[in-house]
K.L.:
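The structure's right below; bear with me while I get my questions together.
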Protein chains: 2
Amino acid sequence: MITIKDLAEKAGVSYATVSRALNGRAEVSETTRARIIALAQEMGYQPNAVARSLVSQKSSTIALIVPDVSNLFFADITMTVHKAADDHGYTTMVCNTSWDPAKEQEKLKIMVQQRVEGIILKPTAFIKPGILEALSLPLVLFWHAMDDNLSYVEVDHAAGAQMAMHHLIEKGYKRIAYLGGVETSPSNQIRQMSYQKALQEAGLPVDPRLISYGSFSLESGFKRLGSLMRLEQPPDALFCGSDLIAMGALQYARNHNLSVPGDLGIIGFDDVACASLPLVNLTTIEQPRDELGEAALKALLDEISVFPKRTKQRILIKPKLKIRSTT
Amino acid sequence: MITIKDLAEKAGVSYATVSRALNGRAEVSETTRARIIALAQEMGYQPNAVARSLVSQKSSTIALIVPDVSNLFFADITMTVHKAADDHGYTTMVCNTSWDPAKEQEKLKIMVQQRVEGIILKPTAFIKPGILEALSLPLVLFWHAMDDNLSYVEVDHAAGAQMAMHHLIEKGYKRIAYLGGVETSPSNQIRQMSYQKALQEAGLPVDPRLISYGSFSLESGFKRLGSLMRLEQPPDALFCGSDLIAMGALQYARNHNLSVPGDLGIIGFDDVACASLPLVNLTTIEQPRDELGEAALKALLDEISVFPKRTKQRILIKPKLKIRSTT
DNA sequence: CTGAAAGCGCTAACAG
DNA sequence: CTGTTAGCGCTTTCAG
């Protein structure tokens with residue numbers, strides 16, 4: 001691989017001059033510059049970013065660490081973060097933790113060693129406050145941060161749940177069930193509270209038999225709707241914790257000749273790609289991945305610019321109601 | 001950020017010793033090693049991979065360049081390449097070209113400058129032979145390479161089409177239509193040939209009215225099935241160029257009360273995530289993303305090990321038949 | 001405008 | 001076993 005020295009030798013100048021010429025610095029005569037640029041082209045010179053990083057102490061690289069790149073949600077986010085970083089001249093190193101906290105630690109360490117200029121992280125699990133701060137690197141989380149100084153970007157789950165409930169109530173549904181996600185998940189808890197609040201504000205009773213938790217999966221939705229339909233007074237609508245849960249319920253409804261949205265209104269959460277397929281056509285609350293990604297990158301750039309201080313941003317992205325044929 | 005020199009000073013040894021101790025080289029007494037490791041831990045030392053790369057001339061980094069990270073197909077591949085690279089101690093830089101050849105060139109250049117040790121590339125368009133070879137870097141393509149020396153990994157579309165056709169014929173379908181993808185796409189052309197060959201081998205007539213091309217989209221499938229059903233002798237089965245085309249057709253069938261698979265058998269290609277949803281449940285030919293990704297990485301490692309020679313591998317991955325409810 | 005020289009943080013001979 | 005020293009390829013003073 002050809003270096004600046006090779007160019008200098010060929011051009012009969014010092015390699016400092018070559019560096020200056022190539023970096024467009026003012027203190028070089030236009031003639032030598034032209035000559036050197038031409039030569040570089042001709043000899044196929046490619047600057048060594050590694051050496052450059054070493055001396056400049058900047059890598060123009062950021063890291064994005066997510067649990068699962070192949071998950072559609074993170075894939076979308078990866079895309080937008082990547083694009084936004086690109087626009088600002090940053091290259092992105094994408095890491096995958098496979099939902100493994102140990103791997104997450106390892107990846108963080110590697111990224112520090114690679115001297116990335118900042119990290120955007122979707123944590124795999126609850127993080128002890130302080131542990132990330134100790135990284136002493138610009139950092140943005142896709143998560144409500146704890147009581148440390150970190151910035152985060154998150155979807156406003158309360159607002160999303162409220163939109164969903166208002167929509168169902170407006171449509172005239174009276175017995176709305178909540179098919180929640182994993183009970184302990186923060187987003188689930190926030191949404192459940194909004195669910196109850198919305199019912200109360202509408203003067204509708206809160207029936208605990210209509211509230212359930214479970215995994216964010218198809219099967220879970222299918223099974224839970226089955227239980228609900230065996231109640232004396234089954235629900236006339238479902239607010240689901242994820243599109244998968246909703247699709248499981250939808251499947252149950254189709255199998256049992258329940259008309260949707262006539263007998264049963266269904267609304268999901270996320271707006272995954274399949275939700276908008278004609279065969280599915282699910283009403284849902286979109287978590288806008290593009291905004292999440294862009295906001296995270298913007299926050300990170302801010303963090304980078306003030307580092308080692310922290311900007312400590314708290315960014316809530318507004319979700320969007322997507323009305324389709326299941327309500 | 002603390003360096004090897006800081007450690008040396010604190011420990012009262014030369015920094016060469018620190019380097020040796022930290023890198024687990026034999027020629028250090030265990031006592032000093034222990035002392036230095038403890039000190040490094042205590043002071044929060046993190047080796048500078050940039051400096052290390054500069055001297056060792058290896059970055060332990062590879063690049064994966066794809067048109068669209070958020071595309072489910074590439075997201076899966078990104079995942080497996082990433083994981084496989086990880087297992088071999090490589091970090092992956094993921095790049096996105098947005099199907100833009102100019103961006104592709106730019107990304108390739110940046111990756112060369114970053115001194116990655118190899119590149120896995122899904123080209124956005126036909127590539128002029130030679131242009132990539134000139135990179136003089138280990139390289140693997142997701143594409144049939146031209147007449148240059150590059151390695152590639154690709155799905156065996158001929159075999160996939162054959163499996164699909166055999167399956168339909170075995171099920172007793174007699175008038176099988178081909179709803180192809182973009183006419184000029186190489187995969188489409190290969191599959192179409194297999195389609196005709198399979199019909200002929202089964203002693204079934206090839207009716208040109210049953211052959212069509214179009215975009216790989218839902219709408220395209222929907223519309224084209226409409227045309228087919230208006231023929232005097234409509235088909236009794238469809239071999240589709242993508243799952244999306246198949247799902248569009250499936251949608252048409254549902255809307256028009258055609259029973260699937262009774263009146264009409266449908267088989268897709270790809271096995272995207274939605275295809276296996278109960279609501280869809282599409283019979284299809286899977287393009288195994290995991291194998292593609294792993295094979296590509298393996299090929300790249302080979303390329304790296306023999307570089308600057310080329311291994312020139314031609315790897316065809318066998319697709320798999322996924323029988324579901326539409327046939 | 002250009003050259004000489006120092007140094008980014010680290011590894012790897014080469015001497016002791 | 002340990003220290004000294006020379007670079008890896010580049011940017012950036014500091015002198016001319």
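What you see is a predicted model; the values in this text were computed from it and never measured. Residue numbering restarts at 1 for every chain, and letters A, B, ... go by the order of the sequence lines.
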K.L.:
In whole angstroms, how far is the P atom of D:dC10 from the CD atom of B:Gln114?
P.N.:
13 Å

K.L.:
Between atom CE in A:Met1 and atom C1' in D:dC10, what is the gap in whole Å?
P.N.:
15 Å

K.L.:
Check A:Lys122 against A:Glu104 and note the closest heavy-atom contact, atom names and distance.
P.N.:
O-OE1, 4.3 Å

K.L.:
So does B:Arg25 get a backbone contact from the side chain of B:Arg33, meaning a donor-acceptor N/O pair under 3.5 Å?
P.N.:
yes

K.L.:
Is the distance from OP1 or OP2 of C:dC8 to the nearest side-chain N or O of B:Thr3 less than 4.0 Å?
P.N.:
no

K.L.:
To check you understand the geometry: which heavy-atom pair defines the closest contact between B:Tyr15 and B:Lys5, and what is its length?
P.N.:
CE2-CE, 3.8 Å

K.L.:
Is it true that B:Asp86 and A:Lys107 make a salt bridge, defined as a side-chain N closer than 4.0 Å to a carboxylate O?
P.N.:
yes

K.L.:
In terms of side-chain heavy atoms, does B:Gln114 have a donor or acceptor partner in B:Thr61 at a distance below 3.5 Å?
P.N.:
no

K.L.:
Can we say A:Glu106 and A:Lys109 salt-bridge, meaning some charged N sits less than 4.0 Å from an Asp/Glu carboxylate O?
P.N.:
no

K.L.:
Whole-Å distance between C:dG9 C1' and B:Tyr15 OH?
P.N.:
9 Å

K.L.:
Atom CZ of A:Arg33 and atom P of C:dC1: how far apart are they, to the nearest Å?
P.N.:
10 Å

K.L.:
Please determine whether a side-chain nitrogen or oxygen atom of B:Thr17 lies at a distance below 4.0 Å from atom OP1 or OP2 of D:dG3.
P.N.:
yes

K.L.:
Contacts to DNA chain C from residues 36-61 of chain A, heavy-atom cutoff under 4.0 Å, which residues?
P.N.:
A:Leu54, A:Val55, A:Gln57

K.L.:
Mind calculating the distance between CD1 (B:Ile2) and P (C:dC8) to the nearest angstrom?
P.N.:
15 Å

K.L.:
DNA chain D: A:Ala16 or A:Lys5, which has the more 5' nearest nucleotide?
P.N.:
A:Lys5

K.L.:
Please determine whether any donor N or O and acceptor N or O are separated by less than 3.5 Å between the side chain of A:Arg115 and the base of C:dG9.
P.N.:
no

K.L.:
Just checking B:Arg25: base, sugar-phosphate only, or nothing, at a heavy-atom cut-off of under 4.0 Å?
P.N.:
sugar-phosphate

K.L.:
What is the separation between atom CZ on A:Arg20 and atom P on D:dT13, rounded to the nearest whole Å?
P.N.:
11 Å

K.L.:
Whole angstrom is fine here: how far is it from CD in A:Glu9 over to P in D:dC10?
P.N.:
14 Å

K.L.:
Return no unless some side-chain N or O of A:Ser19 is found under 4.0 Å from OP1 or OP2 of D:dG9.
P.N.:
no

K.L.:
Identify the heavy atoms of A:Val155 and A:Pro288 that sit nearest to each other, and give their distance.
P.N.:
CG2-CD, 4.4 Å

K.L.:
Would you kindly give the CD1-to-C1' distance between B:Ile4 and D:dT2, to the nearest whole Å?
P.N.:
14 Å

